[in-house]
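Along the sequence shown, residues are numbered consecutively beginning with 1.
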Amino acid sequence: MASFDGPKFKMTDGSYVQTKTIDVGSSTDISPYLSLIREDSILNGNRAVIFDVYWDVGFPETGTKTKTSGWSLSSVKLSTRNLCLFLRLPNPFHDNLKDLYRFFASKFVTFVGVQIEEDLNLLSENHGLVIRNAINIGKLAAKARGTLVLEFLGTRELAHRVLWSDLGQLDSIEAKWEKAGSEEQLEAAAIEGWLIFNVWDQLSEE
């Protein structure tokens, strides 16, 4: 049975985020973990999943017209209030990633991210992956608060301006990022996902 059996990290409000990291191979079934993310988003988050994507940047193939044609999706982070799933993806993609495509195409889940326009374009152009229901949380915050600058802030700054959260836990990891181990980097990823979830939660109530 699928479970989030990776490290569990304590957030500043005393709650915990349970993590799972998967190196996706040709026979890896990720669908049970995507189902758990979806279930937690329904139970604890108004059907919202916080997403972030990471890229490998190579040289464009000869004859291509765009500078980003050499960009390949290397990993995906999906977060809810209680869970953080980190998928390290193969290159080239395998057929089993059709589950991820279907998940992103769901009209029943709202995918929330920070400064996502370029990522959405790259996903579509380079991988044919379409996120059907995506929201730029910075743009939403700017509209809700009447403060244009919020649209252009990164995760840390946006969370600070909207939540006034204590970011000391995240700062301590980022201060030693070059020497941070994989578990500390996973903790930072979990904190960032949790922060943006709480930004979404707060803005949804306003």
Side-chain angles (χ1 to χ4, degrees), residues 2-9 11 13 15-22 24 28-55 73-89 93 96-124 127-141 144 154-156 158-159 162-163 165 170 186-206:
S3 65
F4 279 65
D5 53 7
K8 182 168 65 174
F9 300 112
M11 301 294 109
D13 67 347
S15 65
Y16 286 87
V17 172
Q18 188 70 55
T19 66
K20 178 71 175 182
T21 300
I22 302 176
V24 181
T28 307
D29 183 9
I30 62 174
S31 59
Y33 300 97
L34 297 178
S35 294
L36 290 174
I37 287 285
R38 183 185 294 107
E39 288 170 12
D40 195 57
S41 76
I42 294 171
L43 292 173
N44 300 295
N46 299 322
R47 298 182 182 271
V49 172
I50 312 305
F51 81 99
D52 202 356
V53 293
Y54 307 85
W55 301 91
L73 186 63
S74 62
S75 52
V76 172
K77 182 183 72 178
L78 301 169
S79 302
T80 58
R81 185 187 299 276
N82 302 306
L83 302 175
C84 179
L85 176 63
F86 199 84
L87 302 173
R88 297 193 186 105
L89 305 179
F93 281 9
N96 59 320
L97 286 177
K98 290 178 181 177
D99 288 326
L100 183 61
Y101 278 63
R102 282 192 291 267
F103 184 67
F104 273 134
S106 173
K107 64 180 179 180
F108 301 110
V109 177
T110 300
F111 293 94
V112 181
V114 177
Q115 298 184 8
I116 58 175
E117 279 79 4
E118 185 176 2
D119 287 325
L120 294 177
N121 289 333
L122 284 169
L123 289 170
S124 177
H127 296 292
L129 195 161
V130 176
I131 299 182
R132 187 169 180 176
N133 188 15
I135 289 181
N136 182 338
I137 190 68
K139 186 175 290 186
L140 180 66
T155 295
R156 185 189 183 284
L158 182 63
V162 174
L163 302 172
S165 293
L170 185 59
L186 180 60
E187 181 179 6
I191 293 170
E192 288 180 343
W194 179 82
L195 284 171
I196 295 304
F197 178 87
N198 280 279
V199 171
W200 164 260
D201 201 38
Q202 174 135 336
L203 293 175
S204 297
E205 295 177 355
E206 294 181 359

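Annotation for L97 and V24: closest pair CD2-CG1, 4.1 Å, computed over non-hydrogen atoms. Shortest non-hydrogen contact noted between A159 and L195 is CB-CB, 4.0 Å. Residues D119 and Q115 come closest through the heavy atom pair OD2-O, 4.2 Å. Residue L203 comes nearest to A144 through the heavy atom pair CD2-CB, 4.0 Å, listed as atom of the first residue, atom of the second, then distance. Across W194 and S15, no two heavy atoms sit closer than the pair NE1-OG, 3.6 Å. Heavy atoms only, all atoms of each residue included: K107 and N133 are closest at O-ND2, 4.2 Å.
Side-chain atoms of V76 and L85, non-hydrogen and from C-beta on, never get closer than 4.5 Å to each other. With contacts defined as side-chain heavy-atom distances shorter than 4.5 Å, the pair F104/L78 qualifies. Considering only heavy atoms from C-beta on, W200 comes within 4.5 Å of I135 through its side chain. Within the 4.5 Å cutoff, side-chain heavy atoms of R47 are placed close to those of I42. Considering only heavy atoms from C-beta on, M11 stays 4.5 Å or farther from N198 through its side chain. You'll find the side chain of W55 reaches within 4.5 Å of the side chain of L123, heavy atoms only. With a 4.5 Å cut-off on side-chain heavy atoms, F51 and I131 count as touching. With contacts defined as side-chain heavy-atom distances shorter than 4.5 Å, the pair L140/V199 does not qualify.
The CG atom of L158 sits 5.0 Å away from atom CD1 of I196, with the distance rounded to the nearest 0.5 Å. One distance of note links CG of L89 with OH of Y54; it measures 12.0 Å at 0.5 Å rounding. To the nearest 0.5 Å, the span separating CG on L83 from CD on E39 amounts to 9.5 Å. Taking CZ of R81 as the start and CG of D40 as the end, the distance is 8.5 Å to the nearest 0.5 Å. Atom CG of D99 sits about 6.0 Å away from atom CG of D29, to the nearest 0.5 Å. Atom NE2 of residue H127 and atom CG of residue L73 lie 5.0 Å apart, to the nearest 0.5 angstrom.
Under a 3.5 Å cut-off, the side chain of N46 and the backbone N or O of A48 do not form any donor-acceptor pair. Between the Q18 side chain and the C84 main chain, no donor and acceptor come within less than 3.5 Å of each other. Under a 3.5 Å cut-off, the side chain of T19 and the backbone N or O of P7 do form a donor-acceptor pair. No donor-acceptor distance shorter than 3.5 angstrom exists from the side chain of T28 to the backbone of I30, with no hydrogens or angles considered. Counting only distance, with no hydrogens or angles, the side chain of S35 and the backbone of S31 share a donor-acceptor pair below 3.5 Å. The backbone N or O of A189 lies less than 3.5 Å from a partner atom in the side chain of K77, making a donor-acceptor pair. Listed for the N44 side chain is no donor-acceptor partner under 3.5 Å among the backbone atoms of N82.
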Item to complete: Begin with the C-alpha distance, continue with both residues' side-chain angles, and end with the deciding distance and a verdict on side-chain contact (heavy atoms from CB on, under 4.5 Å) for V49 and R38.
Response: CA-CA 8 Å; V49 172; R38 183 185 294 107; over 6 Å; no

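For the side-chain contact (heavy atoms from CB on, under 4.5 Å) test with I137, the passing option among V112, I50, I116 is V112; the others fail.
F103 has its ring centre less than 6.0 Å from the ring centre of F111.
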